[in-house]
Amino acid sequence: MAKDPYTLLGVAKTASQKEIQSAYRKLAKTLHPDLNPGDRTAEEKFKAVSAAYAILGDEDKRKRFDAGEIDAEGVEQPKRDFYRDYAHAGADQGRYTYSGGFSDFGDAEDLLSGIFGRRGGGGRANAAFRGQDRHYALPVDFLDAVNGGSVTVNLPEGGALDIRIPAGTRDGQTLRLKGKGEPGFNGGPPGDALIDITVKPHPFFVRDEDDIRLDLPVTLKEAVLGGKIRVPAPSGPLSVTLPAHSSSGKMLRLKGKGVKRGTKAGDLYITIRIVLPEKPDAALEAFLKDWAGGTEDPRRTMGV
Amino acid sequence: MKESDFRKNLSIEVTLLESWVAHGWLVPATTAEGADFTAADVARGRLILDLSRDMGVNEAGVDVAIRLIDQMHGLRQTLHGLLGALDRHDRSLRQRLIAEIVDLE
């Protein structure tokens with residue numbers, strides 16, 4: 001018979017759901033195996049507390065437990081792995097871990113970071129060690145990041161690396177190329193190459209998550225009369241119908257023409273910007289002088 | 001495993017996984033067929049869920065916790081390696097050093 005869940009969580013039978021939650025959270029923060037990697041007993045304790053919370057944290061299950069319909073063993077936690085079991089073992093040895101440097105250790109800095117830094121703790125002198133990861137910074141063209149592409153990079157240490165940029169790659173994202181890092185020791189697997197991506201800005205596209213924004217210059221004639229206009233888009237130029245009487249600042253949304261990532265795609269937002277002819281136009285000036293319309297004051301709400 | 005299997009395993013949405021990757025909490029391997037996740041990534045994902053859902057730790061808190069956990073494992077490995085090297089050198093050295101540390105205290 002498992003222990004009484006109320007006793008395990010240290011709450012009264014009359015405790016509110018809120019009290020039960022906060023009792024569980026407090027215990028989980030102390031007992032979680034991944035927060036206690038060196039404590040072999042943490043896992044058992046955490047599992048017991050989690051099983052108790054699986055009953056009491058659910059109002060319906062709690063009622064059934066109180067009524068004697070289910071017992072404390074009724075809700076066994078599914079078997080699970082904890083991250084600590086991978087952080088120092090097997091193929092994933094040292095994948096995410098870093099020692100944080102030893103510069104406050106004086107002369108030991110080189111020794112400790114160099115020898116033990118990212119290699120993980122083996123046992124014997126001839127133990128197989130996974131090679132270190134190599135870090136690279138890679139600036140990528142805006143459109144390559146949006147549409148995907150591949151880049152060949154010549155490495156400072158000789159050789160080249162073919163990097164496939166997935167469509168929709170974001171600025172600041174890290175790509176991991178398995179086995180392209182430092183060679184392993186004593187037959188251990190090689191490390192990975194970690195590539196930090198910086199996306200270069202584009203002359204007229206601006207990325208906003210998966211949407212793309214674009215300021216689109218149109219002529220006065222196009223703005224007034226509307227019609228088909230050619231619009232640049234990341235995937236290639238598009239034909240778009242500009243509605244007649246489109247003011248500067250008007251926004252058009254082209255659904256699904258933004259950044260495609262997997263099955264989803266962002267939108268392309270176009271802001272209209274009316275551009276007058278490069279040189280003054282006598283006919284246009286003559287027309288506007290005689291034009292009776294257009295007298296309504298667009299600044300009337302600004303108190304001038 | 002593939003991204004879809006990874007998400008099914010943890011019952012999480014695409015957007016949540018994307019934010020984990022964007023934060024650098026998960027760095028899956030990149031292959032020609034897309035991202036590749038390991039069992040360690042699954043365990044790590046479960047830890048992130050434990051922190052953010054069950055324990056009520058917010059995003060900034062998870063960020064700090066993950067970094068410290070990674071650093072802690074690195075330090076544990078270093079210590080492990082160091083002790084292993086000491087033992088290979090001289091079995092009794094560890095005992096003498098521990099005695100010395102206890103004396104200092």
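When reading the values below, keep in mind they use all heavy atoms of this one structure, side chains included, and skip hydrogens, waters and symmetry mates. Each chain gets a letter, A, B and so on, in the order its sequence line appears, and its residues count up from 1.
No donor-acceptor contact under 3.5 angstrom links the side chains of A:D196 and A:Y136, judged on distance only.
Formation of a donor-acceptor pair under 3.5 Å by the A:D162 side chain with backbone atoms of A:T152 is not found in this model.
Looking at B:E3, there are no atoms closer than 4.5 Å to chain A (heavy atoms on both sides), in backbone or side chain. Within the 4.5 angstrom heavy-atom criterion, atoms from both the backbone and the side chain of B:L26 approach chain A. Residue contact with chain A, scored on non-hydrogen atoms closer than 4.5 Å, involves the backbone and the side chain of B:D54 alike.
We find that B:D50 and B:R46 are not joined by a salt bridge, their nearest charged nitrogen and carboxylate oxygen being 4.0 Å or further apart. Salt-bridge annotation for B:K2 and B:D36: absent, with no side-chain N of the basic residue lying under 4.0 Å from a carboxylate O of the acidic one. Using a 4.0 Å cut-off between a side-chain N of Lys or Arg and a carboxylate O of Asp or Glu, A:R134 and A:E182 qualify as a salt bridge. Comment: A:K255 does not engage A:D267 in a salt bridge, judged by the lack of any side-chain N to carboxylate O separation of less than 4.0 angstrom.
When A:R170, A:K264, A:R261 are compared by the number of non-hydrogen pairs under 4.5 Å with chain B, A:R261 comes out ahead. Most heavy-atom pairs under 4.5 Å with chain B: of the set A:P166, A:P37, A:P33, this distinction falls to A:P37.
Proximity to chain B among residues 16-30 of chain A is limited to A:Y24, A:R25, A:A28, A:K29, judged by heavy-atom separations below 4.5 angstrom.
Aromatic ring pairs are classed by plane angle as parallel below 30°, tilted from 30° to 60° and perpendicular above 60°; the pair A:F46 and A:H32 is tilted.
A:L161 places a side-chain heavy atom less than 4.5 Å from the side chain of A:K180.
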